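For reference, the structure discussed in these notes is given below.
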Amino acid sequence: MDDMNELVAQRHKKLAELRESGNDPFSNRFDPETTTAAVREAYDAVTKDALEAEHRFASIAGRIVAMRDFGKAAFVHIQDATGRLQLYFRKDLLGDQYAQVKKLDIGDIIGVKGRVFRTRTDELTLEVNEYVLVTKALLPLPEKWHGLKDVELRYRQRYVDLIVNPQVKETFQKRSAIIKAVRDFLEAKGFIEVETPMMHQIPGGAAARPFSTHHNALDIDLFLRIAPELYLKRLLVGGYDRVFELNKNFRNEGISIKHNPEFTMLEFYVAYKDYRYLMDFTEELFATIANKVLGTLKVPYGDHVIDLTPPWPRIPMLESLRQKGVPDAVMTDRDFALKWAWEQKLEVKKDSSHAKIIDEVFKEFVEQYLVQPTFITDYPVELSPLAKRKPENPELTERFELFIAAREIANAFSELNDPLDQRRRFEKQVEAKQQGDDEAHAMDEDFVRALEYGMPPAAGEGIGIDRLVMLLTNSQSIRDVILFPQMKPEAQ
RNA sequence: GGGCCAUUAGCUCAGCUGGUAGAGCAGCUGACUCUUAAUCAGCGGGUCGGAGGUUCGAAUCCUCCAUGGCUCACCA
């Protein structure tokens with residue numbers, strides 16, 4: 001901030017004057033006894049006359065967000081972590097101190113003590129007896145009517161966004177409540193929370209390009225994890241039968257309204273259960289969280305109201321295609337599927353596998369219609385290198401993805417625990433990688449070794465927490481639920 | 001990475017087919033002891049995102065660059 005404009009220069013001048021007069025513009029000598037919300041709660045039901053009779057006092061601290069000066073009196077709104085409250089400064093009460101009130105600016109943080117009363121318009125207000133400036137603001141806040149709208153500024157200077165846009169603060173309070181509700185739910189179900197490495201020597205557990213870094217002392221390349229999956233399953237081998245991890249994953253891919261390079265993922269694993277169990281479990285989880293955080297299962301989202309009331313439809317993937325009029329031959333005949341996809345103007349590569357073509361067709365013909373919660377089940381084995389095959393059809397897997405608001409929000413399957421099959425599937429991925437698929441898995445020998453010791457049958461699920469928060473806060477962009485989304489460097 | 005759009009005062013925005021920059025809020029000065037978008041009078045504030053070009057003249061037209069938004073591709 002080199003450009004010292006007039007507004008900023010004025011504030012620096014006030015700051016210097018305060019220092020000269022012996023007042024510390026960054027004083028730490030104020031400890032509020034209560035909050036604006038607590039004051040409101042305590043006196044909301046108390047009438048004007050009762051307050052006049054009682055003479056109740058309170059001390060609070062907060063940032064000045066509005067000021068109306070009358071010469072010998074002034075009304076000021078301050079905002080603390082819990083809300084806003086009006087203050088009333090009067091010259092006849094404050095005497096000499098009143099001159100300093102005129103030096104206060106919107107944005108300054110002050111501590112006040114005073115009597116609670118109601119104004120003529122019945123607004124609960126604090127009549128200030130003493131006040132102290134605890135933090136001088138050197139930069140002016142955005143305008144009071146429109147707030148801060150410029151999305152670039154909102155993301156880059158989230159601190160300002162949080163000061164002036166109350167709904168932003170609310171969103172992140174809800175985010176915190178959602179995450180707490182998830183933890184409470186899982187702990188009540190007997191899970192333990194674990195932390196597995198963020199830095200992987202072999203990035204695995206998902207199909208994605210990783211960020212790479214380097215460890216100097218060991219002189220090895222490391223990758224920021226794209227998923228914790230393979231480590232969590234090692235813990236099943238170790239004997240924990242219910243584990244979860246709720247933390248960041250990192251994927252070196254495009255940024256969009258649905259994607260941030262680092263994002264928060266919940267993964268959990270249950271021994272001796274399969275993917276059917278997880279569908280019931282997921283319904284209960286979502287319903288519990290929505291009830292706790294929003295108090296309802298009917299969630300407004302964009303133009304829709306999402307109804308989270310269980311049970312949700314469960315549709316096998318191929319069946320979902322049939323329902324949208326995709327011909328049967330697409331499911332059974334790879335060459336026909338390619339031809340048909342091209343006829344539908346889908347961008348499918350000539351050498352794509354049958355499963356990849358089906359996946360494309362699904363995205364185009366089904367996914368965008370899955371507004372209400374829907375489980376799509378039984379994905380082709382090729383798209384699911386870590387999932388268990390269906391006994392009655394080994395080309396399909398015991399897997400589901402949960403779609404809400406036309407977005408994948410959870411992915412789960414019965415975990416493959418046959419080390420020989422796992423090794424073959426890794427080998428197939430390695431082949432794909434050599435043929436240029438840079439999102440294919442690498443071989444993880446240690447993971448196969450772990451399976452060779454024996455992993456109990458288990459079901460595992462991943463839930464994109466950011467997307468869950470988007471859903472429950474009616475946010476259209478992932479950047480609205482991540483406090484500091486990734487941005488390019490600020491232009492100089 | 002591709003396409004489309006945007007960038008003007010601290011903030012929110014006007015600015016026509018090119019004629020030399022405006023409003024509201026915020027700020028400053030003054031008046032005002034129940035206002036809440038307070039009111040009233042006055043004042044200051046701009047490398048028009050950056051660099052080139054066309055033109056007698058560019059915020060406006062053209063080119064390149066930067067950042068952002070949406071979108072497509074990849075993915076969760």
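Only a predicted model underlies this, so the values are computations on that prediction, with no experimental measurement involved. Naming convention: chains lettered A, B, ... in sequence-line order (proteins, then strands); numbering from 1 in each chain.
- In RNA chain B, consecutive stretches of 3 or more Watson-Crick or G-U wobble pairs with both distances under 3.5 Å are given as paired ranges: B:1-7 with B:66-72, B:10-13 with B:22-25, B:27-31 with B:39-43, B:49-53 with B:61-65.
- Considering only side-chain atoms of A/Asp69, the nucleotide from B/rA38, B/rU33, B/rC32 that sits closest is B/rC32.
- The aromatic ring centres of A/Tyr131 and A/Phe89 sit less than 6.0 Å apart.
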Please report, to 0.1 Å, the donor-acceptor pairs under 3.5 Å made by any side chain of residues 55-62 of chain A, with sequence neighbours excluded.
unit_1: A/His55; atom_1: ND1; unit_2: A/Glu52; atom_2: O; d: 3.2
unit_1: A/Arg56; atom_1: NH1; unit_2: A/Glu54; atom_2: OE1; d: 2.9
unit_1: A/Ser59; atom_1: OG; unit_2: A/Glu33; atom_2: N; d: 2.9

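- The cationic atom of A/Arg399 (NZ for Lys, CZ for Arg) lies less than 6.0 Å from the six-membered ring centre of A/Tyr379 and within 45° of the ring axis.
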Are there any protein N/O atoms within less than 3.5 Å of an N/O atom in nucleotides 22-24 of chain B, and if so, which ones and at what distance?
unit_1: B/rG24; atom_1: N2; unit_2: A/Glu143; atom_2: OE1; d: 3.2

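- In terms of the ring-ring contact (aromatic ring centres under 6.0 Å, His included) criterion, residue partners of A/Phe362 (sequence neighbours excluded) are, by chain and number, A/Phe403.
- Residue A/Lys488 places at least one side-chain N or O closer than 4.0 Å to OP1 or OP2 of B/rU67.
- For A/Ile257, whose side chain is taken as the heavy atoms from C-beta onward, the closest listed nucleotide among B/rC70, B/rC28, B/rU35 is B/rC70.
- Between the A/Asn165 side chain and the A/Gln167 main chain, no donor and acceptor come within less than 3.5 Å of each other.
- Among the nucleotides B/rG68, B/rU33, B/rU35, the one closest to the side chain of A/Glu152 is B/rG68.
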Annotated protein contacts, base or backbone, on nucleotides 41-50 of chain B with a non-hydrogen cut-off under 4.0 Å, one of B, S, - each: ---BS-----

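- Evaluation of the side chain to side chain donor-acceptor pair (under 3.5 Å) rule for A/Thr374 yields no partner, not counting sequence neighbours.
- As rounded to the nearest Å, B/rG10 and B/rG44 have C1' atoms that lie 14 Å from one another.
- Considering A/Phe286, A/Phe413, A/Phe281, A/Phe400 as possible partners of A/Phe375, the one that fulfils the ring pair (Phe, Tyr, Trp, His ring centres under 6.0 Å) test is A/Phe400.
- Here the closest non-hydrogen pair linking A/Gly302 and A/Asn474 is N-OD1, 2.8 Å.
- The phosphate of B/rU33 has neither OP1 nor OP2 within less than 4.0 Å of any side-chain N or O from A/Arg68.
- Remark: P of B/rC32 and OH of A/Tyr88 are 14 Å apart, rounded to the nearest angstrom.
- Residue contacts for A/Asn260: at a heavy-atom cut-off of 4.0 Å it reaches a base atom on one of the strands shown.
- Residues forming a ring-ring contact (aromatic ring centres under 6.0 Å, His included) with A/His200 (at least two apart in sequence, or on another chain): A/Tyr231.
- Scored by the side chain to side chain donor-acceptor pair (under 3.5 Å) test, A/Glu193 finds A/Arg183 as partners (sequence neighbours excluded).
- Stacking between A/Phe70 and the base of B/rC32 is absent under the criterion of ring centres within 5.5 Å and planes under 30 degrees.
- Within 4.0 Å of A/Arg479, counting heavy atoms only, lie sugar-phosphate atoms of the nucleic acid but no base atom.
- Residues meeting the ring-ring contact (aromatic ring centres under 6.0 Å, His included) test with A/Tyr269, sequence neighbours left out: none.
- Look at CZ on A/Arg251: it is 6 Å from C1' on B/rA76, rounded to the nearest Å.
- Side-chain atoms of A/Arg334 never come within 3.5 Å of backbone atoms of A/Ile357 as a donor-acceptor pair (strictly under, hydrogens ignored).
- Computed from coordinates, the A/Lys363 NZ to B/rA73 C1' distance equals 11 Å when rounded to whole Å.
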What donor-acceptor contacts under 3.5 angstrom involve side-chain atoms of residues 337-346 of chain A, with partners at least two apart or in another chain?
unit_1: A/Trp342; atom_1: NE1; unit_2: A/Val348; atom_2: O; d: 2.9

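- Nucleic acid contact for A/Lys149: sugar-phosphate only, since backbone atoms but no base atoms lie under 4.0 Å from a heavy atom of the residue.
- Using atom C1' as the reference point in both B/rA6 and B/rC13, the two lie 14 Å apart (nearest Å).
- Among the heavy atoms of the strands, none lies under 4.0 Å from A/Ile409.
- Following rounding to the nearest Å, A/Asp150 (CG) and B/rU8 (P) show an atom-to-atom distance of 8 Å.
- Side-chain nitrogen and oxygen atoms of A/Lys258 include none within less than 4.0 Å of the OP1 or OP2 phosphate oxygen of B/rA76.
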Between the protein and nucleotides 3-7 of chain B, are there any N/O to N/O pairs under 3.5 Å, and if so, what are the atom names and distances?
none

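- Nucleotide B/rA73 holds its C1' atom 13 Å from the CD atom of A/Glu364, rounded to whole Å.
- Applying the ring-ring contact (aromatic ring centres under 6.0 Å, His included) rule to A/Phe223 yields no partners; only residues at least two apart in sequence or on another chain are considered.
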